[in-house]
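Written below as structure tokens is the structure these notes are about.
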Amino acid sequence: MERDARIYVAGHRGMVGSALCRALASKGFTNIITRTSSECDLRDRSRVDEFFEKERPEYVFLAAARVGGILANSTYPAQFIYDNLAIELNVIDAAHKYGVKKLLFLGSSCIYPRECPQPMKEEYLLSGYLEKTNEPYAVAKIAGIKLCESYRRQYGCNFISAMPTNLYGPGDNFDLHDSHVIPALMRKFHEAKLKGEGEVVVWGTGKPRREFLHVDDLAEALIFLMENYDGELFLNVGTGEDVTIADLVELMKEVVGYEGEVRYDSSKPDGTPRKLLDVSRIRSLGWRHKKSLREGLRETYRWFSENYPAVRGVQGV
Ligand code: GFB
């Protein structure tokens with residue numbers, strides 16, 4: 001990508017999109033194009049066409065999506081499948097119609113089967129049943145991968161896909177109903193510490209295993225792939241290491257400095273037992289994550305406590 005190339009970051013207000021904008025700017029890219037969802041609702045094809053016609057982006061990072069944690073996915077399945085499919089169809093087809101040089105689509109590690117052999121290699125896609133709590137979201141993300149593959153095969157478009165593992169970092173959503181586990185635990189321990197509460201409730205059994213990647217590491221990986229990868233096969237992006245939720249709870253207590261008790265509420269779902277990505281393909285191309293989980297959580301907590309309560313999901317931000 002030339003430093004003055006017209007680069008559209010779809011979803012620039014989200015955690016991933018904002019990290020991408022920071023990383024692109026720090027590398028000297030000067031022509032980053034963005035639109036808020038009220039300026040251009042990506043579910044509306046005519047608005048998407050107007051935008052592509054006017055701005056003619058050369059590169060597209062498709063980081064716009066409806067995302068959320070385990071409870072949000074099971075509470076709003078229709079919105080998760082509809083919004084994601086609509087965004088993917090409109091943006092990917094417009095990228096073809098308006099001659100985008102290269103597009104990178106972002107998926108999620110929940111595309112793999114629930115009982116997938118671990119670590120999960122790219123070729124295990126569609127080899128078994130999906131996890132029920134996020135099946136509609138996963139189906140939409142699999143459709144996005146297949147759209148990119150199909151446009152490449154039929155029209156020769158250079159559309160690639162990356163599948164990140166569970167993400168966290170500055171700009172995350174801290175709403176206790178909709179968020180993922182890291183922002184939820186960070187907020188719960190922080191507020192319990194402030195209020196002097198002696199107990200925090202954690203969902204599920206604590207036994208599931210998850211792999212976590214800092215969003216700044218992801219942003220580096222996405223720019224790396226945009227500049228260095230032109231293959232049809234989507235690529236996993238993760239650390240290649242996972243922890244149990246109980247391990248995460250102990251680490252988060254330490255990072256936040258919370259000394260009370262933890263109670264596991266097993267009436268809440270555990271979700272997939274384990275989803276560890278096999279990251280050998282992206283590593284063989286030359287990319288590796290930089291931040292350890294402890295370091296990434298410390299940095300994120302510093303940002304969170306400096307900005308609290310003006311963070312997304314806490315004060316209507
Ligand atoms: O982060 P999370 O919602 O996403 O939950 P998933 C991970 C694990 O943390 C589950 C447990 O076993 C939860 O039960 N957990 C414990 C909590 N306490 C909490 C809490 O307070 N809040 C939350 N949210 N979890 C999502 C998918 O699955 O991950 C999406 O639904 C997507 O489709 C995303 O793939 C990355 O890893 O279970």
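Order of appearance sets the numbers: ligands from 1, and atoms from 1 within every ligand.
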Side-chain atoms of residues 159-173: list all donor-acceptor pairs with protein atoms under 3.5 Å, sequence neighbours left out, distances to 0.1 Å.
residue: Thr165; atom: OG1; partner: Glu211; partner atom: O; Å: 3.1
residue: Thr165; atom: OG1; partner: Glu211; partner atom: OE1; Å: 3.2
residue: Asn173; atom: OD1; partner: Asp175; partner atom: N; Å: 3.0

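- For ligand 1, residues of the protein lying within 4.0 angstrom by heavy-atom distance are Gly68, Gly69, Ile70, Asn73, Ser108, Cys110, Asn134, Tyr137, Asn166, Ser179, His180, Val181, Ala184, Lys188, Val202, Trp203, Pro208, Arg210, Ile245, Pro269, Asp270, Lys275.
- Closest of all the heavy-atom pairs between Glu88 and Leu62 is CA-CD2, 4.4 Å.
- Other members of the hydrophobic cluster containing Phe80, listed by chain and number, are Val67, Tyr76, Tyr137; membership follows side-chain contacts under 4.5 Å among ILVMFWY residues, whether direct or relayed.
- Note on ring orientation: taking the six-membered ring where Trp is involved, the planes of His96 and Tyr151 are perpendicular (angle over 60°, cut-offs 30° and 60°).
- Closest heavy-atom contact between Glu220 and Ala23: OE2-CB, 4.2 Å.
- Applying the 4.5 Å side-chain rule to ILVMFWY residues, one finds Leu71, Trp203 in the same cluster as Ile70.
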